[in-house]
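What follows is a single structure, written as structure tokens, with notes after it.
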Amino acid sequence: KAGVTQTPRYLIKTRGQQVTLSCSPISGHRSVSWYQQTPGQGLQFLFEYFSETQRNKGNFPGRFSGRQFSNSRSEMNVSTLELGDSALYLCASSPGKDREKLFFGSGTQLSVL
Amino acid sequence: ILNVEQSPQSLHVQEGDSTNFTCSFPSSNFYALHWYRWETAKSPEALFVMTLNGDEKKKGQISATLNTKEGYSYLYIKGSQPEDSATYLCAFWMDSNYQLIWGAGTKLIIKP
């Protein structure tokens with residue numbers, strides 16, 4: 001069974017640009033959640049989608065948005081990038097019926113210059 | 001503001017020694033507590049999902065206990081090996097929503 005796939009693996013952008021990250025969950029998983037990891041910080045929850053609906057959202061500005069498609073693949077978009085957005089972005093999938101363990105992708109390392 | 005605290009922040013242990021660390025979480029509205037291991041250059045991987053007060057889980061030389069009434073969980077590693085070097089994260093599920101609240105992790109370094 002294929003794991004959670006995130007693309008791209010690395011990304012370099014400049015301030016003011018926008019970026020789209022992609023996450024393909026494990027087959028059959030309907031929940032996808034997104035996290036931001038910066039040095040010295042724990043995983044910061046961005047949002048979670050289940051069956052194309054956003055079920056929960058963390059405390060991030062509106063520049064961070066996401067969506068989920070009918071095949072459960074999810075994208076995360078960050079507009080008007082700031083230097084502080086440089087981070088590792090992880091997505092995780094789970095069946096989504098209950099609060100089961102999460103399966104993580106390898107992450108996208110975003111650098112904003 | 002809900003907080004999950006992990007201590008210590010980092011730990012250096014001699015190979016073969018046993019060790020343990022703590023995760024503290026709100027004792028109200030508890031639903032589940034997760035432990036994950038995050039090795040360098042890899043993805044976080046689930047170790048345990050704990051739901052009941054008094055739960056004890058074991059996987060190889062790693063075990064965990066849960067006290068939901070006082071809001072803490074311990075992770076124990078018996079006879080540490082270099083491959084146990086990783087950051088250990090705990091995460092708390094509230095009863096009322098689908099947002100996992102994460103601790104900052106305990107970074108464990110095993111010295112040969």
Side-chain angles (χ1 to χ4, degrees), chain A residues 2-7 9-10 23-26 29-60 66 68 74 87-109, chain B residues 1-10 21-25 29-52 55 57 59 62 64 66 68 73 75 86-107:
Chain A
V4 178
T5 305
Q6 285 189 251
T7 56
R9 186 72 181 88
Y10 300 96
C23 174
S24 293
I26 289 172
H29 285 190
R30 292 163 66 189
S31 168
V32 173
S33 49
W34 289 89
Y35 297 89
Q36 183 195 64
Q37 166 84 34
T38 50
Q41 297 283 321
L43 290 173
Q44 302 295 312
F45 173 75
L46 282 152
F47 25 66
E48 187 253 355
Y49 287 88
F50 178 79
S51 293
E52 301 179 68
T53 300
Q54 188 182 84
R55 269 199 305 204
N56 223 317
K57 190 178 188 311
N59 295 323
F60 277 81
Q68 188 179 33
S74 177
L88 177 67
Y89 290 89
L90 287 165
C91 83
S93 78
S94 72
K97 296 169 194 169
D98 202 346
R99 296 163 180 84
E100 316 97 332
K101 65 181 179 182
L102 304 183
F103 294 82
F104 283 86
S106 299
T108 294
Q109 184 67 52
Chain B
I1 295 174
L2 296 169
N3 233 9
V4 175
E5 303 281 347
Q6 288 190 250
S7 61
Q9 192 173 7
S10 65
F21 27 93
T22 308
C23 171
S24 301
F25 52 86
N29 297 318
F30 176 86
Y31 190 89
L33 193 283
H34 291 202
W35 281 100
Y36 290 81
R37 174 169 59 197
W38 194 356
E39 295 177 68
T40 304
K42 293 188 177 180
S43 311
E45 184 184 346
L47 285 171
F48 304 116
V49 175
M50 309 181 80
T51 55
L52 297 175
D55 243 358
K57 301 268 185 175
K59 184 177 181 178
I62 304 177
L66 179 68
T68 61
S73 175
L75 191 81
T87 296
Y88 291 82
L89 298 166
C90 69
F92 166 70
W93 276 117
M94 277 181 70
D95 194 14
S96 52
N97 65 30
Y98 279 87
Q99 179 179 338
L100 259 180
I101 302 167
W102 294 82
T106 292
K107 185 172 183 178

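Order of the sequence lines fixes the chain letters, A, B, ..., with proteins taken first and strands second; residue numbering starts at 1 for each chain. Keep in mind that this is a model prediction, so the values were computed, not measured.
- Only the backbone of E100(A) comes within contact range of chain B, with at least one heavy atom under 4.5 Å from a heavy atom of that chain.
- The contact between L89(B) and chain A is made entirely by side chain atoms (from C-beta outward), counting heavy-atom distances below 4.5 Å.
- For F48(B), no part lies under 4.5 angstrom from a heavy atom of chain A.
- Around NZ of K57(A), the count of heavy atoms belonging to other residues, nucleotides or ligands within 6.0 Å exceeds 12.
- Within a 6.0 Å radius of CD in E52(A), other residues, nucleotides and ligands contribute more than 12 heavy atoms.
- Interface remark: F50(A) contributes no atoms to any contact with chain B (heavy atom separation under 4.5 Å).
- Annotation: maximal heavy-atom pairing with chain A below 4.5 Å, among G105(B), P44(B), A91(B), occurs at P44(B).
- Remark: side-chain polar atoms of S43(B) are paired, donor with acceptor, to backbone N or O of G105(A) under 3.5 angstrom.
- Of all heavy-atom pairs between W102(B) and L102(A), the closest is CZ2-CD1, 4.1 Å.
- Centroid-to-centroid, the aromatic rings of W38(B) and F104(A) stay 6.0 Å apart or farther.
- Nearest heavy-atom pair across H34(B) and K101(A) is CE1-CA, 3.5 Å.
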